[in-house]
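In what follows, a structure is listed as structure tokens, so that the remarks can point back to it.
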Amino acid sequence: MSKSSLSKLKTNTLLSGTAIYLFSNILNAAIPFALLPILTRYLNPAEYGEIAMFQTLLAGLAAVTGFSVAGACNRKYYDNNLSQQDMRAFIASSLQILLASSGMVFLIMLVFHSHFEAWLGLDKKWILWAVIVSACSIVIQIRLGQWQVRKEAKKYGALQISQSLFNMLLSLLLVVALMQGAAGRIQAQVYAAILFAIIALILLKKDRLLGFFNWRPEYIKEALKFGIPLIPHIGGIFLLTSIDRLVINTELGIADAGIYMVAVQLAGSAALIFDALNKAYVPWLYERLKRDRAEEKKQIVRFTYLWFLLILLGSALAFLIGPWLVVFIAGQEYSKAGEVIGWLFLGQALGGMYLMVTNYIFYSKRTGLLSLATVFSGLLNILLLVVLIRLLGLEGASIAFSVAMAVRFLLTWWVAQKVHPMPWFSFRELC
């Protein structure tokens with residue numbers, strides 16, 4: 001096969017994988033998107049606020065449940081001379097870490113549940129179930145990740161979509177048919193996470209990637225070395241993307257938190273598209289970084305700058321049609337969310353740009369510096385939230401989010417250039 005034919009084949013593979021991930025994530029996003037106008041007509045803003053607090057708790061738990069073992073498993077796949085037996089042992093070590101860390105978090109939540117109940121406005125049972133949901137989600141991520149690195153996008157999409165469909169149908173049954181309110185929606189998330197974690201384990205076993213009782217201390221150490229430096233990073237992501245609901249709940253009340261959550265979910269559709277593209281892009285990028293060819297690096301940079309431009313142009317549209325879209329989808333009771341939708345879309349656009357530069361840091365395995373950038377941005381977000389919410393209400397929260405996301409993107413880009421230099425500013429060579 002000629003070099004040009006081989007290049008076309010690889011390009012087609014990337015486009016095919018991107019199309020499947022994109023379709024999968026769009027459909028995955030469309031399911032809760034379709035659920036939104038139904039839920040907002042059966043749940044008042046205060047009830048929707050309870051759901052927002054449960055999801056906020058899940059986001060917070062992601063920093064300490066599992067220590068990013070799914071990401072460690074993905075990165076391990078690209079090590080040289082790695083056998084399937086080694087990969088199976090590494091996944092086993094990761095699941096052992098997940099079990100131990102989840103158990104510790106569960107005990108902490110059990111002991112201090114009264115504090116979390118007062119802080120979040122959630123019952124004790126939902127706080128404890130959130131730990132289990134978080135652990136189950138990581139098991140599912142490990143299964144999905146192993147398909148992603150092997151470029152098995154169809155299997156990835158099938159499992160992802162199946163989980164969302166099950167979640168949606170169960171939510172409709174519990175909220176609409178059985179009239180269980182916010183509790184019904186939370187229960188649906190719990191049941192879906194447990195069921196699909198079991199399915200994920202079965203599928204890992206089928207592919208000979210599951211051997212829980214393999215004891216490899218060196219792999220446990222390696223997974224922790226990858227994941228522990230990311231704890232501040234994931235904590236910083238929580239401060240960037242979820243803490244706003246807690247501050248809104250404290251400053252403005254749980255009903256405003258519910259209204260804000262509707263806008264967050266609508267803007268989150270953009271993040272899912274960016275995530276889909278990134279999932280297909282990462283294997284393609286890592287292969288080229290491993291080859292370390294100057295011309296390919298220039299090609300990557302050109303592509304990235306073009307993508308930045310398209311993202312920013314798309315986010316500008318949200319300021320024009322966003323307020324109308326909110327009322328059309330969620331109903332007049334949630335019209336206040338229209339004030340923030342444009343800023344939230346801009347923040348998500350900056351998040352999409354961030355994904356394009358953070359991959360270099362993960363490839364280099366130097367994740368500690370990434371944590372510093374994310375934590376700084378998260379702390380800045382808290383400061384801006386407290387000030388701007390008191391001045392501008394909900395709109396202040398969305399502006400704080402956009403500013404903090406811009407700072408995170410710029411800091412991450414700087415770190416990426418330090419740990420894995422690319423010809424970002426060689427403009428003459430890029431033209």
Side-chain angles (χ1 to χ4, degrees), residues 24-25 27-66 70 98 102 105-106 109 113 116-117 120-144 159-201 238 241-242 245-246 249 254 257-258 260-262 264-266 268-269 271-272 275 330:
S24 171
N25 274 36
L27 188 56
N28 194 50
I31 290 169
F33 193 75
L35 199 57
L36 183 63
I38 300 172
L39 291 180
T40 52
R41 285 161 177 82
Y42 278 84
L43 302 173
N44 60 43
E47 289 176 310
Y48 213 90
E50 290 182 49
I51 298 170
M53 291 300 102
F54 181 78
Q55 293 176 333
T56 300
L57 177 57
L58 288 177
L61 289 171
V64 290
T65 305
L98 175 60
S102 300
V105 173
F106 189 90
M109 291 295 188
H113 68 87
F116 287 98
E117 284 180 293
L120 296 166
L122 291 173
D123 288 339
K124 171 186 172 182
K125 62 180 179 180
W126 300 132
I127 292 170
L128 297 178
W129 276 115
V131 180
I132 296 172
V133 171
S134 181
C136 289
S137 298
I138 292 172
V139 173
I140 297 167
Q141 288 169 24
I142 291 174
R143 173 62 280 184
L144 292 173
L159 184 65
Q160 186 183 50
I161 292 167
S162 297
Q163 182 183 0
S164 293
L165 279 171
F166 179 82
N167 196 336
M168 181 190 75
L169 294 174
L170 191 56
S171 295
L172 291 174
L173 174 64
L174 296 175
V175 176
V176 178
L178 300 180
M179 301 294 290
Q180 292 189 14
R185 174 62 178 141
I186 295 173
Q187 285 179 62
Q189 294 179 69
V190 172
Y191 298 149
I194 293 172
L195 174 62
F196 279 85
I198 294 170
I199 293 172
L201 289 172
F238 172 75
T241 61
S242 300
R245 270 137 281 175
L246 291 176
N249 183 32
I254 199 165
Y260 191 80
M261 185 64 182
V262 167
V264 167
Q265 286 185 305
L266 290 173
S269 60
L272 285 167
D275 183 61

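Numbering of residues begins at 1 and proceeds along the displayed sequence.
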Distance-minimising heavy-atom pair for [X] and [Y]:
X	Y	result
A200	R143	CB-CB, 3.7 Å
G66	L98	CA-CD1, 3.7 Å
L246	M53	CD2-SD, 3.8 Å

[atom2] on [Y] to [atom1] on [X], rounded to 0.5 Å:
X	Y	atom1	atom2	result
M168	I161	CE	CD1	12.0 Å
Y260	R245	OH	CZ	7.0 Å
L58	S137	CG	OG	6.5 Å

**Prompt:** Can you find a heavy atom in the side chain of C136 that is under 4.5 Å from one in the side chain of F196?
**Reply:**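 The answer is no, as the side chains (C-beta and beyond) never meet within the 4.5 Å cut-off.
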
For residues M261 and I51, determine if any side-chain heavy atom of one lies less than 4.5 Å from a side-chain heavy atom of the other.
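M261 does not reach I51 side chain to side chain.
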
Do any side-chain atoms of residues 120-134 form donor-acceptor pairs under 3.5 angstrom with protein atoms, and if so which ones, sequence neighbours left out?
none

| Summary of side-chain hydrogen bond (donor to acceptor under 3.5 Å, both in side chains) pairs that have at least one residue in residues 45-61, sequence neighbours excluded |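 Of all non-adjacent pairs touching residues 45-61, those that pass side-chain hydrogen bond (donor to acceptor under 3.5 Å, both in side chains) are Y48-Q265.
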
- Message: Please determine whether the number of non-hydrogen atoms from other residues, nucleotides or ligands lying under 6.0 Å from atom CZ of F166 exceeds 12.
- Response: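 Yes, enclosed.
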
- Item | Side-chain donor/acceptor of N249 to backbone N/O of I254, under 3.5 Å |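 Here the side-chain-to-backbone pair exists.
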
Under 3.5 Å, sequence neighbours excluded: what are the donor-acceptor pairs made by side chains of residues 169-183?
residue	atom	partner	partner atom	Å
S171	OG	N167	O	2.7
S171	OG	N167	OD1	3.4
S171	OG	R185	NH1	2.8
Q180	OE1	Q187	NE2	2.9

>> Applying side chain to side chain contact (heavy atoms under 4.5 Å, CB included), can you list everything that pairs with A62, at least two apart in sequence or on another chain?
In response: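 Applying side chain to side chain contact (heavy atoms under 4.5 Å, CB included) to A62 gives I234.
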
* Test side-chain contact (heavy atoms from CB on, under 4.5 Å) on L36 and L266 and set out the steps. => CA-CA 9 Å; L36 183 63; L266 290 173; 3.6 Å; yes

